[in-house]
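Each remark here refers to the structure printed beneath this line.
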Amino acid sequence: MGALKPSQAPLSPSASARPFLPQESSLSMLPCRLDRAADVRRSQALTSASLTVRRLFIFAGTALLTLAGGYGMYDVVKIGGVTFLEGLLLGLFLVLLAWVAFSFMSALAGFFVLLTRGQHSLPIDTTGPLPPVTARTAMLLPTYNEDAHHVMARLRAMYESIEATGYGAQFDWFLLSDTTDPDIWISEEMAFIELRRACGGGRLYYRHRSDNTARKSGNIAGWVTRFGAAYDHMIVLDADSLMEADAIVRIVHAMERDSNCALIQTQPVIVNARTLFSRLQQFSGRVYGPLITAGNAWWHGGDSNYWGHNAVIRIQAFAGEAGLPGLSGRKPFGGHILSHDFVEAALMRRAGWAIYMVPAIRGSFEEVPPSLLDFAGRDRRWCQGNLQHLAVLPARGLHWVSRLHLLTGIGSYVTAPLWLLFLLLGLLISLQAHFIRPEYFPKGFSLFPTWPQQDPVLAAWVFAATMGLLILPKLLAYLALISNREERSGFAGSLRVLAGVLCETFVAALLAPCMMILQTKAVVEILAGRDAGWQVQRRGDGQPARGEVYRKLAGPTLCGLVLSVCAYAVSLPLLLWMSPVVLGLLLSIPLGIITSLRLSAPGVFATPETNSPPAVVLRANELAASEPTGMAGALRQLGRDPELLAEHLGSQSLASPRRFGPVDVPLATATAKVEQCESLDDVVAWFNKMEVRAALEHPTLLKKILQLPPGGQD
């Protein structure tokens with residue numbers, strides 16, 4: 001299509017253009033106080049006697065395993081007296097073993113829950129006909145510089161799934177954009193217009209936020225304050241989320257039925273994995289995930305947690321209690337809370353609302369990063385957010401289980417440098433024993449010399465027991481899976497699953513040392529004051545450039561070289577003993593490249609969702625595979641498409657009014673540049689992305705730009 005003449009391009013929204021947003025229905029949502037306990041809304045306790053017994057089982061088992069392992073480790077180092085370094089080693093071992101034992105006990109509980117097919121958190125009928133729903137629910141999909149075509153495909157697939165149930169009138173759909181790239185912004189508006197046209201109008205709405213304060217949590221909170229009063233519940237999604245109508249309707253009905261419930265979290269299953277790395281995550285999450293979440297739900301009860309997406313939330317509870325405060329101090333510890341989900345759940349629970357996890361609900365899906373580097377990049381952001389929780393832990397009135405959730409999130413990253421320190425201490429003790437001559441006759445009278453010695457057999461047993469606690473949950477998950485005929489057939493047989501478990505365990509063991517170094521690096525950077533920023537996440541099967549792999553994985557490789565040289569300096573047996581760690585580090589770069597390659601077939605990592613994809617996943621993939629509408633750049637596209645321009649100007653008229661304040665430098669620069677431009681081509685060639693974005697947010701300047709002759713570009 002050729003460029004429109006200035007007289008052809010409408011410069012105001014047409015009367016027939018449907019607004020991007022519904023009528024506002026404001027709701028107050030104020031930041032909470034961490035130094036003041038909230039008023040508990042009801043006196044009834046959520047903790048029953050049976051829940052107390054379950055928690056005693058978890059913590060008593062953790063304590064017994066830790067004490068037994070600690071006593072065995074003490075027997076290893078006590079011969080000849082415990083030195084300072086050995087004392088540090090023993091202390092670290094106790095902390096790390098307690099972490100492993102705690103996870104094991106929760107997995108053990110999950111094993112028995114899966115065997116008995118029980119629902120011990122919030123019982124929901126998962127097989128009967130769909131229950132009726134009467135409440136109004138908003139489906140919120142925040143997005144940030146994502147592929148607009150794929151986002152709309154997922155949104156449309158979910159919309160059609162809900163419409164097919166007959167309950168479509170109870171759900172409104174909001175695409176909440178925090179996109180900063182102007183071309184992607186206009187692409188979103190184009191794709192949204194097409195989506196709305198394909199859905200016959202529908203209850204579909206789009207909002208672009210120019211001020212990205214507080215990122216996703218600020219995006220959700222901004223929607224609540226503008227539109228939240230019109231709805232009973234909201235279901236928060238991620239840009240890569242998918243949910244079947246069956247899952248959506250059942251959790252909304254459960255929320256309607258339990259007036260004390262503030263949040264119901266589903267267990268998302270990974271789909272659309274294409275690379276070896278993402279298929280590893282998909283397989284492990286599908287095999288081991290049900291065991292972990294079933295165990296957690298069993299002893300969490302109504303004091304569970306929130307993962308930030310694929311969950312239904314009562315808006316009354318969220319608006320009243322989950323307003324996030326800013327943390328004092330500079331970034332990365334200060335400022336807006338990044339890992340907002342844990343804190344929001346803790347604040348609602350503080351006020352007496354129940355938070356449930358329901359792993360029995362099927363039909364909740366998500367995607368994962370396609371490579372080790374992409375995973376590490378996302379993990380770096382999560383690490384910063386979780387370490388921020390150190391400032392939330394002392395908050396007044398939090399339930400002790402909520403504090404434990406925060407501690408668990410912190411510990412998931414702090415344990416990486418602790419494991420590294422444990423390895424280095426063990427190596428240092430070995431080097432000391434090898435190169436420093438022992439003192440056989442210490443000061444004081446002694447008839448016999450003091451021979452330095454340790455029990456290598458006992459040390460091997462302690463090591464084997466610790467590894468057993470790490471590996472046994474995988475075996476329990478496998479046993480629970482093959483005991484379920486439906487699950488077993490979905491995976492195409494017990495032997496195939498077993499082969500997948502063995503291969504996944506081997507590859508995961510090779511990748512674990514590299515992740516340990518990357519997480520340790522992230523913790524050190526955060527402690528040094530380096531902010532993670534807000535990076536765009538690569539999805540699908542996008543591969544990192546070789547140069548990026550070499551640069552980012554050179555550190556783990558160098559660590560492997562240093563450890564192997566030090567271990568070999570002591571003895572060849574010590575090097576062989578440390579070979580699992582050393583080998584994984586030395587192979588970091590090849591592993592980073594190989595695991596990012598696309599697989600033509602899942603092989604032994606096949607899951608029920610790859611063998612027989614759910615209908616909503618198939619539909620989303622079908623829509624995503626269609627050819628997207630061509631995009632000519634933000635300004636040119638607006639000049640060519642009258643409907644798009646009308647919709648864009650209409651959405652800007654609904655934006656928050658501008659206030660006096662500091663000079664908007666990109667806007668001022670863009671305004672000055674326009675005066676010197678003779679055509680639209682000049683503007684496109686001269687403006688940078690920040691200036692284009694400023695023009696898109698300023699209707700007067702945008703009109704002035706589009707009134708310029710198109711130039712030579714056709």
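As the structure is a prediction and not an experimental result, all values here were calculated from the model.
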Rounded distance [0.5 Å steps], NE2 in His300 versus CG in Leu404: 7.0 Å
Trp382, CH2: over 12 other non-hydrogen atoms inside 6.0 angstrom: no
Qualifying residues under side chain to side chain contact (heavy atoms under 4.5 Å, CB included), relative to Leu424, sequence neighbours excluded: Leu420, Leu563
Leu591 side chain near Leu372 side chain, heavy-atom distance below 4.5 Å: no
Note, Gln265 side chain near Ser304 side chain (heavy atom, < 4.5 Å): no
Show me the donor-acceptor pairs within less than 3.5 Å that the side chains of residues 411-418 make with the rest of the protein, sequence neighbours left out.
residue, atom, partner, partner atom, Å
Ser412, OG, Gly409, O, 2.6
Tyr413, OH, Asp379, OD1, 2.9
Thr415, OG1, Gly411, O, 2.8

Pairs touching residues 560-577 that satisfy salt bridge (charged side-chain N to carboxylate O under 4.0 Å, His left out), sequence neighbours left out: none
Set of salt bridge (Lys or Arg N to Asp or Glu O under 4.0 Å) partners for Arg350, sequence neighbours left out: none
Within 6.0 Å of NZ in Lys474, more than 12 heavy atoms from elsewhere: yes
Leu479 CG to Phe111 CZ distance, which is reported to the nearest 0.5 Å: 5.5 Å
Leu469 CG to Met105 CE distance, which is reported to the nearest 0.5 Å: 10.0 Å
Sequence neighbours excluded - salt bridge (charged side-chain N to carboxylate O under 4.0 Å, His left out) pairs with any residue from residues 575-587: none
Pair His389 + His405: ring centers closer than 6.0 Å: no
Nearest-0.5 Å distance, CD1 of residue Ile482 to OG of residue Ser489: 13.0 Å
Partners passing salt bridge (Lys or Arg N to Asp or Glu O under 4.0 Å) against Arg380 (at least two apart in sequence or in another chain): Glu525
Heavy-atom side-chain proximity of Phe605 to Leu276 below 4.5 angstrom: yes
Distance, nearest 0.5 Å, that separates CG of Leu398 from CG of Leu393: 8.0 Å
Partner set under side chain to side chain contact (heavy atoms under 4.5 Å, CB included) for Asp258, not counting sequence neighbours: Leu122, Asn260, Cys261, Tyr356
Aromatic ring pairing Phe59/Phe102, orientation class (parallel under 30°, perpendicular over 60°, tilted between): parallel
Pair Thr266, Asn310: side-chain N/O donor-acceptor within cut-off below 3.5 Å: no
Nearest atoms (heavy-atom pairs only) where Ala606 meets Arg496: CB-NH2, 3.7 Å
Salt bridge (charged side-chain N to carboxylate O under 4.0 Å, His left out): pairs with one or both residues in residues 276-295, sequence neighbours excluded: Arg286-Glu487, Arg286-Glu609
Heavy-atom side-chain contact between Val401 and Arg55 under 4.5 Å: yes
Compile the donor-acceptor pairs under 3.5 Å between side chains in residues 62-73 and protein atoms, sequence neighbours left out, one pair per line.
residue, atom, partner, partner atom, Å
Thr62, OG1, Ile58, O, 2.8
Thr66, OG1, Thr62, O, 2.7

Set of side chain to side chain contact (heavy atoms under 4.5 Å, CB included) partners for Ala107, sequence neighbours left out: Leu291, Pro473
Side-chain heavy atoms of Thr607 within contact of Ile270, under 4.5 Å: no
Ser284 side-chain N/O to Leu280 backbone N/O, donor-acceptor pair under 3.5 Å: yes
Any donor-acceptor N/O pair, Arg530 side chain to Ala522 backbone, under 3.5 Å: no
Distance in Å, Ile526 CD1 paired with Lys521 NZ, rounded so as to fall on 0.5 Å steps: 10.5 Å
Heavy-atom pair of closest approach, residues Ser483 and Ala480: OG-O, 2.6 Å
Asn305 side chain reached by Asp341 side chain, heavy atoms, under 4.5 Å: no
Side-chain heavy-atom pair Val501, Thr505 within 4.5 angstrom cut-off: yes
Min side-chain heavy-atom separation Phe93-Tyr74 under 4.5 Å: no
Exceeds 12 heavy-atom contacts within 6.0 angstrom, atom CG of Leu495: no
Pairs flagged by side-chain hydrogen bond (donor to acceptor under 3.5 Å, both in side chains) wherever residues 96-114 is involved - sequence neighbours left out: Ser106-Asn296, Ser106-Trp299
Expected output: side-chain Ser596 to main-chain Ser371 donor-acceptor under 3.5 Å: no
For the student: nearest non-hydrogen atoms of Ile410 and Asn386, plus distance: CG1-O, 3.2 Å
Residues which pass side chain to side chain contact (heavy atoms under 4.5 Å, CB included) with Ala567, listed by chain and number, not counting sequence neighbours: Leu427, Leu574, Leu575, Met578
